[in-house]
Participant: 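Please read through the structure below; I'll follow up with questions.
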Amino acid sequence: ALALEAMPYAVFAYYRLVKQKAVPASFIALYAHIFQCTRDILPSVMSIVFFLLVRKMADVNAVEGAALQEGLKEVKDQVEQIVTNQEQQQDTRPSSHFVAMIANLHAVSWQLRIYQIALWMVVYFGAKLGLAILLSWITVSFHHRTLQSRLQDNHQALAITKRLKQKLNIQSGKHEELGSLMFSRLLAESTPSKEENERVLRKQDLCTHLPQELALAYMDMLDLDGNGDITREEFTQAVRQFYKERDVLAGASIGHDRIIQQLASFFSFISLSVGLITAMVFLDETITETLKMIVGAVLSLTFVFGGTAANAFQSLIFILFLHPFDVGDKVILKGEELECVGMGLWMCSFVNPQGALTYITNKQLREARVANLKRSGRQSEQVKIMVKPDTMSDKQLTDLEKRLSKWVNKEMARDYVKGSFSIYSVKALDNKRVELTFDVTHKSNFQASSLKRKRTRAFVLEIRSAMESLGIEFADPIWDE
């Protein structure tokens with residue numbers, strides 16, 4: 001285990017200091033294969049060594065028992081002889097056979113002690129190695145499920161953006177202006193005969209500066225609404241989001257490292273406890289009384305720290321395995337939209353739309369209903385309005401639905417799914433108010449809240465314009481007393 005841990009550091013230092021170049025990928029792959037094989041084989045090897053040590057210690061116990069029986073008999077005879085000699089005032093020095101016999105007893109006792117120490121080392125370091133392997137697996141799986149794909153996507157997006165920036169000879173370093181400047185250059189080089197405000201970028205515009213494979217990948221990253229073309233706003237927001245995601249992932253990596261460090265400290269405490277208990281079992285002859293004291297102390301502490309330990313374990317499961325959101329995800333908790341900015345073993349931090357920082361414990365998050373907007377697919381939206389019933393007929397309602405459906409399918413085909421609009425419900429509240437609920441499906445989720453608000457604003461204004469043209473009047477709102 002120590003050799004496996006030291007090997008990558010030694011190789012890294014050799015290549016960096018001596019050869020002054022990066023470690024070859026072949027070594028990394030070979031080391032990963034060796035570590036995998038060793039991790040699979042080592043438990044079996046340790047089990048065999050443990051069995052052999054226990055068997056050897058049992059043989060030593062048998063030898064020690066026979067030697068002690070014979071030795072005690074000889075000691076008794078020698079002591080009786082010494083007493084007799086003292087009474088007769090003769091030489092009281094023990095015989096050489098007596099001294100050799102005592103030395104043999106000490107040798108057998110030390111042999112047993114050596115095997116006990118060896119057995120303790122196997123148990124202690126085996127537990128430590130097992131916890132290290134478990135921690136390594138948790139770290140790798142946690143990173144793979146949370147950050148690996150996002151890091152790869154972000155790295156690819158930034159690499160393509162940098163390459164395209166060099167192709168367009170853009171020297172600006174401000175991320176806020178970079179997307180708009182790149183869009184203008186691409187637009188000017190594609191078809192300069194058309195007006196810039198009426199233009200959008202398509203796949204062929206990117207293929208003139210990038211290989212087709214990279215152009216297709218970059219098109220998917222920039223086309224936020226999935227309609228096959230890119231507007232200036234989409235391009236600017238996507239490029240800005242690439243750099244924002246880079247900063248978010250850097251903070252998330254720090255938070256994840258902090259969680260793993262806390263977990264490593266907890267595992268170190270467990271391995272140390274196992275080492276102390278097994279040391280007392282193998283080396284302490286009065287282990288019964290010692291274990292009684294330990295068990296009593298542990299039972300007493302469970303009444304004080306039992307809830308804390310259970311909460312820590314449940315928080316660990318929630319963060320490492322359930323993991324309902326990542327840093328940078330927008331979620332809905334108790335009807336409030338929040339953005340996660342930090343994750344910890346005990347609590348997570350969020351920011352609301354007003355910029356207020358909120359801390360919520362993992363215990364509360366486990367019991368709450370969490371809606372993750374970023375992980376969602378296409379999302380629908382419902383808009384409710386109240387109208388006067390005497391200004392609305394069935395024909396007017398049908399004409400209103402047809403007009404809004406036409407507007408969604410043609411003018412807003414970039415933002416809404418074709419054919420998704422409908423009047424979801426018509427509900428009479430009282431004799432002065434009828435509630436209409438309009439439902440429409442967006443082509444994206446609501447992670448990009450600014451785009452969602454812009455589409456909603458346009459949708460509501462179109463509803464108002466259509467109702468005014470059809471003579472449908474809004475009802476007075478219901479004021480809370």
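Any value given below was found using the heavy atoms of this structure, including those in side chains, with hydrogens, waters and symmetry copies removed.
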Participant: Verify the neighbour count for atom OH of Y424: are there more than 12 heavy atoms of other residues, nucleotides or ligands below 6.0 Å?
Facilitator: no
Participant: Any chance you could measure I332, atom CD1, to L338, atom CG, to the nearest 0.5 Å?
Facilitator: 9.0 Å
Participant: Specify the closest pair of heavy atoms between V327 and V248, including all atoms of both residues, with the distance to one decimal.
Facilitator: O-CG1, 3.4 Å
Participant: Please tell me if the side chains of K452 and Q379 come closer than 4.5 Å, counting only heavy atoms from C-beta onward.
Facilitator: no
Participant: Are R455 and L451 close enough that some pair of their side-chain heavy atoms sits under 4.5 Å apart?
Facilitator: yes
Participant: For side chain to side chain contact (heavy atoms under 4.5 Å, CB included), just list the numbers for D415 and K454, CA-CA rounded to whole Å, side-chain angles, deciding distance to a tenth of an Å, and then say yes or no.
Facilitator: CA-CA 10 Å; D415 301 318; K454 180 181 177 180; over 6 Å; no
Participant: Minimum heavy-atom separation for E401 and S422, please, with both atom names.
Facilitator: OE2-CA, 4.0 Å
Participant: Any side-chain heavy atom of E336 sitting closer than 4.5 Å to one from N352?
Facilitator: yes
Participant: Can you see whether R403 engages S469 through a side-chain donor-acceptor pair at a distance of less than 3.5 angstrom?
Facilitator: yes
Participant: Measure from the side-chain N and O atoms of T398 to the backbone N and O of D394, and report whether any donor-acceptor pair falls under 3.5 Å.
Facilitator: yes
Participant: I'd like to know whether CD of Q314 has more than 12 heavy-atom contacts from other residues, nucleotides or ligands below 6.0 angstrom.
Facilitator: yes
Participant: Any donor-acceptor pair under 3.5 Å linking the side-chain atoms of T456 with those of E381?
Facilitator: yes
Participant: Report yes if the side chains of V440 and L404 come closer than 4.5 Å at any heavy-atom pair, otherwise no.
Facilitator: no
Participant: Answer yes or no: is there a donor N or O on one side and an acceptor on the other, between the side chain of Q396 and the main chain of L470, under 3.5 Å?
Facilitator: yes
Participant: Decide if atom CZ of F266 counts as having more than 12 heavy atoms of other residues, nucleotides or ligands within a radius under 6.0 Å.
Facilitator: no
Participant: Check whether any side-chain heavy atom of C348 sits under 4.5 Å from a side-chain heavy atom of I319, and report yes or no.
Facilitator: yes
Participant: Without swapping roles, check the side chain of Q447 against the backbone of G328 for a donor-acceptor pair under 3.5 Å.
Facilitator: yes
Participant: Do you know the tightest heavy-atom contact between I230 and F183?
Facilitator: O-CE1, 3.5 Å
Participant: With the threshold set at 4.0 Å, does a side-chain nitrogen-carboxylate oxygen contact exist between D430 and R433?
Facilitator: yes
Participant: Heavy-atom distance under 4.5 Å between the side chains of L373 and D329, does that happen here?
Facilitator: no
Participant: Heavy atoms, side chains only, cut-off 4.5 Å: are T161 and L178 in contact?
Facilitator: yes
Participant: Out of curiosity, F242 CZ to K162 NZ, how far, rounded to the nearest 0.5 Å?
Facilitator: 16.0 Å
Participant: For E367, look at atom CD and say whether over 12 heavy atoms of other residues, nucleotides or ligands are found less than 6.0 Å away.
Facilitator: yes
Participant: Measure across L201 and M219 and return the closest heavy-atom pair with its distance rounded to 0.1 Å.
Facilitator: O-CE, 4.2 Å
Participant: Indicate the atoms forming the closest heavy-atom contact of S349 with L357, along with that distance.
Facilitator: CB-CD1, 4.1 Å
Participant: Is T441 reaching over with its side chain to a backbone N or O of S420, donor-acceptor style, under 3.5 angstrom?
Facilitator: no
Participant: How long is the gap from CZ on R185 to NE2 on H209, to the nearest 0.5 Å?
Facilitator: 10.5 Å
Participant: Evaluate whether atom OH of Y359 has more than 12 neighbouring non-hydrogen atoms of other residues, nucleotides or ligands under 6.0 angstrom away.
Facilitator: no
Participant: Between the side chain of H323 and the main-chain N/O of F325, is any donor-acceptor distance below 3.5 Å?
Facilitator: yes
Participant: List the residues meeting ring pair (Phe, Tyr, Trp, His ring centres under 6.0 Å) with Y218, not counting sequence neighbours, and say none if there are none.
Facilitator: none
Participant: Treating D205 as the side-chain partner and L186 as the backbone partner, does any N or O pair qualify as donor plus acceptor under 3.5 Å?
Facilitator: no
Participant: Hey, is the main chain of G419 close enough, under 3.5 Å, to the side chain of N409 for a donor-acceptor pair?
Facilitator: yes
Participant: Should the pair E245-K374 be classified as a salt bridge under the 4.0 Å nitrogen-to-oxygen rule?
Facilitator: yes
Participant: Considering only heavy atoms from C-beta outward, does the side chain of F438 approach that of L436 to under 4.5 Å?
Facilitator: yes
Participant: Taking all heavy atoms of S405 and all of F421, pick out the closest pair and write down the distance.
Facilitator: OG-CD2, 3.2 Å
